[in-house]
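Just dropping this structure here.
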Number of protein chains: 2
Amino acid sequence: MTISNESRRTSGLSPEYALLGFLEQSRAHGYELHQKLLEHLGEIWHTSLSQTYNILTRLEEQGFIQGTTQEQEKRPAKRRFHLTAAGKRRLETWMTSISVCSVRAIRVEFMTRLYFLYTRNPADALEAIQAQTVSLQTHIARLKERLNNIDSGQIFNCMGMSLRIRQLEVLVESLNECKIQMSTKQ
Amino acid sequence: MTISNESRRTSGLSPEYALLGFLEQSRAHGYELHQKLLEHLGEIWHTSLSQTYNILTRLEEQGFIQGTTQEQEKRPAKRRFHLTAAGKRRLETWMTSISVCSVRAIRVEFMTRLYFLYTRNPADALEAIQAQTVSLQTHIARLKERLNNIDSGQIFNCMGMSLRIRQLEVLVESLNECKIQMSTKQ
DNA sequence: CCAATATACTCACTGAATGACTATATCTAA
DNA sequence: TTAGATATAGTCATTCAGTGAGTATATTGG
């Protein structure tokens, strides 16, 4: 159960860590979190309000966040969430981990991680880029080897793999540019 | 129902058209189709056998394919599928359409379309590349405009968008390389 | 004072994807 | 020759992402 939960994450990307990250900054309710997501990472996550609520519900069920219901005079009740100890640990583990080497994972998940690292301490963000770059490069090397092993008659398999490799190589370049951007902004 | 089915396809990528494409070449049963997928497009689609069966079941429910059960002496019954008229139309529509301009959609869906176009008639494949490239370029232009409109204080939104644009630009280069590859192979 | 919009959600559904399970046939090496 | 590995051919249950429709109230502008 717990295992499948962890192994699943390699493919399934969801803004759950972004929500945890914002909740670390300050407790908030669903709508607010959704607003923050839009404002700060809106070009990265295109998520609907309902999806945000879905994730919050799941995170609470799993014990990573806890909500306290506040009745309001003439409005529906708000649920103000805060991180639990387990949630903090989960966030911390994620913050110090490395993303799967897919274009999407880097553009979406890694960039999100970078955002939260950067707002805490820019130096950590630079380190993360370094680590992720190394990981990307070894992955690229593996894929290149695999490309060499494909029967060259399978030209679509070859082209597909070449395309993927090229995308990853550009990712490395882009991460380097991010590093420069972040350094000069300080 | 039909509408949601069509609109959904923008986000959800599945090898259903590849299955239709193989079924156009010759009728086949699930296991065979899965083998073909692995052999010819294995680097493009990483799909499980069960997923293949799921899709086939759905395609049959929707009336795009039809299976006839063949009892076997001492093996489980095979279901040999063939395209229906509706399925042929669906495949044809897809073959002549243009993919959504996302990295994944091009690498996966467009490459699959290209494979089937190419095995039918290489010239069609070259034309498809041309059309897809044009579409990509207008999309890139739109995104660049949007990038200019992002508050430059939102550096993560900016970086995320820049990264996406860069990926799409490389996609255009890659498609051009595919064109060259395909021309020289003839 | 009415309508539009913003706030704050809930609920039901589809589709992707995985993993566990069943069952039989064929091949292979001791 | 026979036990075990592998290939064939599926079914079934479940989890998660994501969408869309619906509910309900508060605020604001004309």
Side-chain angles (χ1 to χ4, degrees), chain A residues 1-19 28-39 45-62 67-81 100 102 104-105 108-109, chain B residues 1-19 28-39 45-62 64 67-81 102 104-105 108-109:
Chain A
M1 298 271 170
T2 330
I3 295 164
S4 77
N5 203 326
E6 293 302 308
S7 68
R8 195 177 297 275
R9 207 170 343 118
T10 35
S11 61
L13 249 27
S14 97
E16 63 172 282
Y17 291 100
L19 298 181
H29 51 84
Y31 199 88
E32 258 179 291
L33 288 168
H34 191 247
Q35 296 297 328
K36 287 196 186 189
L37 205 54
L38 274 184
E39 189 189 340
W45 295 103
H46 297 111
T47 192
S48 68
L49 187 52
S50 352
Q51 186 56 9
T52 303
Y53 285 119
N54 283 341
I55 296 168
L56 288 173
T57 303
R58 184 163 44 86
L59 286 174
E60 186 169 27
E61 275 168 15
Q62 294 172 330
T68 51
T69 306
Q70 302 177 311
E71 298 300 336
Q72 290 189 116
E73 278 295 298
K74 299 232 176 179
R75 280 207 189 192
K78 276 187 197 180
R79 305 212 65 212
R80 189 164 290 272
F81 293 99
V100 166
S102 80
R104 203 173 134 66
V108 175
E109 191 201 30
Chain B
M1 296 266 170
T2 329
I3 295 162
S4 76
N5 201 328
E6 293 303 306
S7 69
R8 196 176 295 275
R9 206 173 341 119
T10 36
S11 60
L13 248 29
S14 97
E16 63 172 283
Y17 291 101
L19 298 181
H29 49 84
Y31 199 89
E32 259 180 289
L33 288 168
H34 191 248
Q35 296 296 326
K36 287 196 185 188
L37 205 55
L38 274 184
E39 189 188 340
W45 295 103
H46 297 110
T47 191
S48 69
L49 186 52
S50 349
Q51 184 56 10
T52 302
Y53 286 121
N54 282 341
I55 296 167
L56 288 173
T57 303
R58 183 163 47 85
L59 287 174
E60 188 170 27
E61 276 168 16
Q62 295 172 330
F64 298 124
T68 49
T69 305
Q70 303 178 310
E71 298 299 334
Q72 292 190 117
E73 278 294 296
K74 297 231 175 180
R75 280 209 188 188
K78 276 187 194 179
R79 306 213 63 212
R80 188 164 291 272
F81 293 99
S102 80
R104 202 173 135 66
V108 175
E109 191 201 29

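A, B, ... follow the sequence lines: proteins, then strands. Residue 1 opens every chain. Just so it is clear, the structure is predicted and the values come from calculations on it, not from any experiment.
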- line: Rounded to whole Å, OH of B:Y17 lies from C1' of C:dG15 at a distance of 14 Å
Gap between atom OH of B:Y31 and atom NZ of B:K78 - 0.5 Å precision: 12.0 Å
- request: State the CD-CG distance between B:E32 and B:L37, to the nearest 0.5 angstrom.
  value: 13.0 Å
Value rounded to 0.5 Å, distance of OG1 in B:T47 from CG in B:L38: 9.0 Å
message: Using whole Å, what does the distance between atom C1' of nucleotide C:dT14 and atom CD of B:E61 come to?
response: 12 Å
Interface polar pairs with nucleotides 9-13 of chain C, N/O, under 3.5 angstrom:
from	atom 1	to	atom 2	distance (Å)
C:dC9	OP1	A:A77	O	3.2
C:dC9	OP1	A:R79	N	3.0
C:dC9	OP2	A:H29	ND1	3.4
C:dC9	O5'	A:Y53	OH	2.9

message: Please find the pair of heavy atoms, one from A:I55 and one from A:S14, that lie closest to each other, and give the distance.
response: CD1-OG, 4.0 Å
- request: Quick one: list whatever passes side-chain hydrogen bond (donor to acceptor under 3.5 Å, both in side chains) with B:H34, sequence neighbours left out.
  value: none
- prompt: B:H34 has an atom NE2; how far is it from atom P of C:dT18, in whole Å?
  reply: 10 Å
message: Looking at B:R58, I'd like to know whether one of its side-chain N or O atoms comes within less than 4.0 Å of OP1 or OP2 on C:dT14.
response: no
message: Taking salt bridge (charged side-chain N to carboxylate O under 4.0 Å, His left out) as the definition, give me every residue that meets it alongside B:E60, ordered by chain and number, with sequence neighbours left out.
response: B:R79
- prompt: Rounded to the Å, how far apart are A:Q35 CD and C:dA8 P?
  reply: 9 Å
message: Measuring to OP1 and OP2 of D:dG18, would you say a side-chain N or O of A:S48 lies under 4.0 angstrom away?
response: no
task: Mind calculating the distance between CG (B:L56) and P (D:dG10) to the nearest angstrom?
output: 9 Å
query: Once you round it to whole Å, what is the distance between P of D:dT14 and CD of B:Q51?
result: 18 Å
message: If I take atom CH2 in residue B:W45 and atom P in nucleotide C:dT18, what distance separates them, rounded to the nearest angstrom?
response: 13 Å
task: Let me know the distance between CZ of B:R104 and P of C:dA16, rounded to the nearest Å.
output: 11 Å
